[in-house]
2 protein chains.
Amino acid sequence: MDVIKRLQNHNIKPSVQRIAIMTYLMEHCTHPTVDEIYTALAPSIPTLSKTTVYNTLKLLSEQGAAQILTIDERNTCYDADTTPHAHFLCKRCGRIYDVDINADGKQAEETDMNGHEVQEIHYYYKGICKSCLENERLTEITNN
Amino acid sequence: MDVIKRLQNHNIKPSVQRIAIMTYLMEHCTHPTVDEIYTALAPSIPTLSKTTVYNTLKLLSEQGAAQILTIDERNTCYDADTTPHAHFLCKRCGRIYDVDINADGKQAEETDMNGHEVQEIHYYYKGICKSCLENERLTEITNN
DNA sequence: GTACGTGCAAAGAATTTGCAGATAA
DNA sequence: TTATCTGCAAATTCTTTGCACGTAC
């Protein structure tokens, strides 16, 4: 989708900085932190400040154009994909993967919320990712 | 369960400070922050330092005697209940509630993890809690 | 020209680190 | 004794705030 349209759909005026940050989020599904976004964009927008990255990400999340992930204890991450899906954090490499929620197992609808009104759902899994598991096996073989 | 036994079961030597913090966690299912624990215990242990609270909670979570919650963006919270259950954060009052996971809807087992090895599961819901919803209704009635 | 957006510098808050003294087996 | 635990102070990191300048309509 057109980035400018997407911003406008969420009542966000498309400035150069906002377009760049939104574009970065949409093209990199790595769930970047503020620092990663800043470091990636600073070369092409030399005047960019971290404050603006903070401001913009706050705005994006408030307007529903992106969501905040708190899966990583160290840093807040951001995700432009606001459709229902879960996240997996690898404790070894630190990467965050998207995970599809099984359509049969819509946890929220089946869970008794005791009368609470649910507005946001975050499913986080943590462990060792496939890639790190494979590297581990290779290392074991090489060492034997 | 006996707090000292529980600590020992997780290979943690039971000092006065550790017993106090573990006890507090087990008796208060409010998912407290470091600061809340420190403030609550400081009067009875005047020499207690925040560093020790940090050290102890880190130790407890590393040894599996407690778990870290990152549901609240502002502060890290801790939970002595390490059995599978979900959490609900009220955006209005900030309270965190325990929510049972419906046995029929074991999300993790039904979700295709793409080969990743899952070690931890965190289900977070956010919205307005029952109590705040009721207060809202009362206020509306009173104002009309 | 007026409202909004940006970015610097400073402040604030949460957490970690270094280290010396206290404690316990 | 000897290793471990504790807690002060300082450092570090992440994030927010205040404010002046720039920009766009």
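Every chain is numbered from 1, with letters handed out A, B, ... down the list of sequences.
At a threshold of 4.5 Å between non-hydrogen side-chain atoms, the residues B/K50 and B/D35 count as touching. Here the side chains of B/Y78 and B/I68 are in contact, with some heavy-atom distance below 4.5 Å.
Ranked by how close their nearest DNA chain D nucleotide is to the 5' end, A/D35 and B/L59 are led by B/L59. In terms of position along DNA chain C, the nucleotide closest to B/V34 lies nearer the 5' end than the nucleotide closest to the other residue of the pair B/V16 and B/V34.
Contact annotation: B/T47 reaches the phosphate of D/dG7 (side-chain N/O to OP1 or OP2, under 4.0 Å). OP1 or OP2 of C/dT15 has at least one side-chain nitrogen or oxygen of B/Y54 nearer than 4.0 Å. Here A/N75 does not reach the OP1 or OP2 of D/dT13: none of its side-chain N or O atoms lies under 4.0 Å away. When the side-chain nitrogen and oxygen atoms of A/T76 are compared with OP1 and OP2 of D/dT15, one or more of them lie within a distance under 4.0 Å. Dashed line: the shortest gap from a side-chain N or O of B/R18 to OP1 or OP2 of D/dT6 is under 4.0 Å. Side-chain N/O atoms of A/Q17 include one lying less than 4.0 angstrom from OP1 or OP2 on C/dG7.
Between the CG atom of B/L41 and the C1' atom of D/dG7 there is a distance of 15 Å, given to the nearest Å. In this structure, B/I45 atom CD1 and D/dC8 atom P are separated by 13 Å, rounded to whole Å. For B/N55 and C/dC19, the CG to P distance is 16 Å, given to the nearest whole Å. Rounding to whole angstrom units, CD1 of residue B/I19 and C1' of D/dC5 are separated by 13 Å. Rounded to whole Å, atom P of C/dA24 lies 16 Å from atom CD of B/Q8. Between the CG atom of B/L60 and the P atom of D/dC5 there is a distance of 12 Å, rounded to whole Å. With rounding to whole Å, A/I37 atom CD1 is found 11 Å from D/dT15 atom P. Taking atom NZ of A/K58 as the reference point, atom C1' of D/dC14 lies 15 Å away to the nearest angstrom.
When heavy atoms are screened at a 4.0 angstrom cut-off, B/K50 is found touching no nucleic acid atom at all. Residue B/S15 is classed as a sugar-phosphate contact, given heavy-atom separations below 4.0 Å to backbone atoms only. Residue B/T33 is classed as having no contact, given no heavy-atom separation below 4.0 Å to the nucleic acid.
Not a single donor-acceptor pair under 3.5 Å links the side chain of B/E134 to the backbone N or O of B/S131.
In the interface, the side chain of B/T51 is paired with the base of D/dC8 through a donor and an acceptor atom under 3.5 Å apart.
Aromatic ring centres of A/Y125 and B/H116: separated by at least 6.0 Å.
Each of D/dC8, C/dC4, C/dG7 was ranked by its minimum atom distance to the side chain of A/K13; first place goes to C/dC4.
The residue from B/D81, B/D72, B/D98, B/T76 that alone fulfils the side chain to side chain donor-acceptor pair (under 3.5 Å) condition with B/H31 is B/D98.
One finds the CG atom of B/D79 at 12.0 Å from the CG atom of B/L60 (value rounded to the nearest 0.5 Å).
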